[in-house]
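The first residue of the sequence shown is numbered 1, and numbering continues consecutively from there. None of these values were measured; they are calculated from a predicted model.
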Amino acid sequence: MSTRPAPPRPQDGTSFSVELADALDPLVLALDVGSTASRGGLHDATGTPVRGYRHKIEHAFTTAGDGTSVLDPDRVVEELARITDLVVAGPELRGRVAGVALDTFASSLVGTGPDGAALTPCYTYADSRCAPQLAALRAELDEAEVQQRTGARLHTSYLAPRLRWLREEDPGTWGRVARWVSLGEYVHLRLLGAARAGTSTAAWTGLLDRRTGRWDEALLAACGLEPSALGELADPQDPLLDVDPAVGRRWPNLAAAAWFPPVADGLGANLGSGGADAATTVVSLATSGAARVLLHEIPEEVPAGLWCYRVDARRCLLGGALNDVGRALSWVQRTLALPEGTDLDGIARAEPSPGTPAVLPFLTGERSTGWAGGARAVLAGVTADHDGPALARGVLEGIGVSYGRVADELARAAPGAERVVASGRVAQEVPGLLQVLADVLGAPVARADFKRATLRGTALLALETLAAGVVPAEPPYGPEHRPVPARAEHYRGVRDRFEELYAALVR
């Protein structure tokens, strides 16, 4: 009988994976903090997940009708520590794990005291309580100029209005905070005793000069903050220094591992899905969503409806984000009466109907392309004849059109894209939505036919340093969803109704 210990998930049936015995060294432990869970998994030098060596712990944002959206940062620290305990415990990994890479959801913010402990919750990208401060900043600053410097518009999902809100609404806590950090930095401070902000994490705050890679002091001044109150910056391929020796005692299999600065999950999702250059547009469909291309140059101009986040001195991510994708579909499932035997995938696959209600799916505000942080969802044209499936179809089409608006600006700014790849939880759970996307975009959409693309991309980023020259494995893709020409007129009408509602109701 074998004495080899079982991995954390011995019954892991994931097809895109490799057995540990066949994995190519060096291995990387990738950790991901998303909106609904923390995850971790081992990947080999080709970016292929190691079968069975993964774990997941669910969590949820605390939300309220006033725009609150927060998460307990110490809970996340505990989750990632527990995942690491389970994934890298076995003696069979001795000497094989060369690096640990971490991504988190973007635009996170935690205020810490002089001892590094959290004095605030983690404010998430969806917290919109700073809408009044956003309006004030837009009145004071030239927003177009800010966007060209930082690659980001002024918006409730970024940190400038949130920092001003905290300074104005809670001056006591503001005065006690020694440093404002991202969630990833906070995790590293508590687990490693050291932290630096990966450039992409800093870019997602909306406070980084996209050309120089330094904090934008003019915008910080508008928030009432000195650069010294923010974290030290590092390109994502530069490992952390001064990691506490206690880390190696807790996790002996990581004693010699390099710990890389945290990055934003959008970068991981793009790389993991195959979007390594401007030839591929990656459409992420998760709790929130995005459409992005990775450029190997820093563009001179950023389109008004998009963002442009610096990755390092030679790369940036150009795209647009949606607050509500999986979140909107979860709202549909818990709120609308869908007949027994009817699900969202079936509704998405059905032939479109001209009587479908028009929906602006802005449950927690709009990011791209209009950046209306205070926007809320709108259902229009609803009659007594409409039932749950009709309203659900309207939400699905509204999501599709929201992606279409981003894709239009991307096509003008980065016209070299040759394919569209969809990834994320919603792409797996509601594949029929990919047909809606294909019909709206007028282009084929292929699904990344594997899970945890973000984890994989975060591992690949570390492997650029640890396994330079190793060719990444080609992940599996499902069959393309091709646009149906007969539906083009329907979706032009959906887009027209969407734009009419938007012009009339969103400010």
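Using modelled atom types, one finds a donor on one side chain and an acceptor on the other under 3.5 Å when comparing S284 with R292. A donor-acceptor contact closer than 3.5 angstrom is absent between the side chains of T199 and D312. For the residue pair R452 and T14, a side-chain donor N or O sits within less than 3.5 Å of a side-chain acceptor on the partner. Defined by atom type and a distance below 3.5 Å, a donor-acceptor pair is missing between the side-chain atoms of T287 and R327. Using a 3.5 Å distance cut-off with no hydrogens or angles, the side chains of Y186 and D74 do pair a donor with an acceptor.
Ring geometry, W251 versus W259: the interplanar angle falls from 30° to 60°, so the pair is classed tilted. Using the six-membered ring where Trp is involved, Y309 and W204 have ring planes that are tilted, between 30° and 60° apart.
With a 4.5 Å cut-off on side-chain heavy atoms, T46 and V18 do not count as touching. Side-chain contact check for Y158 versus L207: every heavy-atom pair is 4.5 Å or farther apart. In this structure, R210 and C316 have side chains that are not in contact, with every pair of non-hydrogen atoms separated by 4.5 Å or more.
The nearest pair of heavy atoms linking G432 to A348 is C-CB, 3.5 Å. Minimum interatomic distance between V77 and L191 (heavy atoms only, all atoms of both residues): CG1-CD2, 3.7 Å. Pairing each heavy atom of L219 with each of G206, the nearest pair is CD2-O, 3.2 Å. Counting all heavy atoms, side chain and backbone alike, A23 lies closest to R96 at O-NH2, 3.0 Å. The minimum heavy-atom distance between R456 and H43, with the atom names listed, is CA-NE2, 3.5 Å. For P261 against P239, the heavy-atom pair with the smallest separation is CD-CA, 4.4 Å.
Not one N or O on the side chain of H481 forms a donor-acceptor pair closer than 3.5 Å with the backbone of V436. Counting only distance, with no hydrogens or angles, the side chain of S273 and the backbone of A453 share no donor-acceptor pair below 3.5 Å. No donor-acceptor distance shorter than 3.5 angstrom exists from the side chain of E79 to the backbone of A37, with no hydrogens or angles considered. Looking at W215, its side chain never comes within 3.5 Å of a backbone N or O of L233 through a donor-acceptor pair. Side chain of S38 to backbone of L80: no donor-acceptor contact under 3.5 angstrom is found.
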Trace of the side-chain contact (heavy atoms from CB on, under 4.5 Å) decision for T205 with S182: CA-CA 9 Å; T205 67; S182 68; 6.0 Å; no
Stepwise side-chain contact (heavy atoms from CB on, under 4.5 Å) check, L461 with L463: CA-CA 5 Å; L461 195 61; L463 287 165; over 6 Å; no
Worked verdict on S288 versus R367 for side-chain contact (heavy atoms from CB on, under 4.5 Å): CA-CA 10 Å; S288 56; R367 282 191 273 176; 3.9 Å; yes
Criterion salt bridge (Lys or Arg N to Asp or Glu O under 4.0 Å) on R405 and E409, from CA distance to verdict: CA-CA 7 Å; R405 299 170 87 217; E409 295 211 17; over 6 Å; no
Derivation of the side-chain contact (heavy atoms from CB on, under 4.5 Å) call for V445 and V283: CA-CA 9 Å; V445 176; V283 175; 6.0 Å; no
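Note: W371 CH2 to E366 CD = 9.0 Å, rounded to the nearest 0.5 Å. Separating the CG atom in D209 from the OG1 atom in T150 is a distance of 8.0 Å, to the nearest 0.5 Å. Once rounded to the nearest 0.5 Å, the distance linking CZ of R162 with SG of C223 reads 11.5 Å. Separating the CG atom in L42 from the NE2 atom in H55 is a distance of 13.5 Å, to the nearest 0.5 Å. Between the CZ atom in R75 and the CD1 atom in I57 there is a gap of 8.5 Å [rounded to 0.5 Å]. In this structure, NZ on K451 lies 7.5 Å from CZ on R54, to the nearest 0.5 angstrom.
Under the ring-ring contact (aromatic ring centres under 6.0 Å, His included) criterion, F450 pairs with F16, sequence neighbours left out.
Other residues, nucleotides and ligands place more than 12 heavy atoms under 6.0 Å from the CZ atom of R250. Residue-environment remark: CD (E429) exceeds the threshold of 12 foreign heavy atoms within 6.0 Å.
Within the structure, side chain to side chain donor-acceptor pair (under 3.5 Å) contacts touching residues 101-121 (residues at least two apart or in different chains) are D103-T458.
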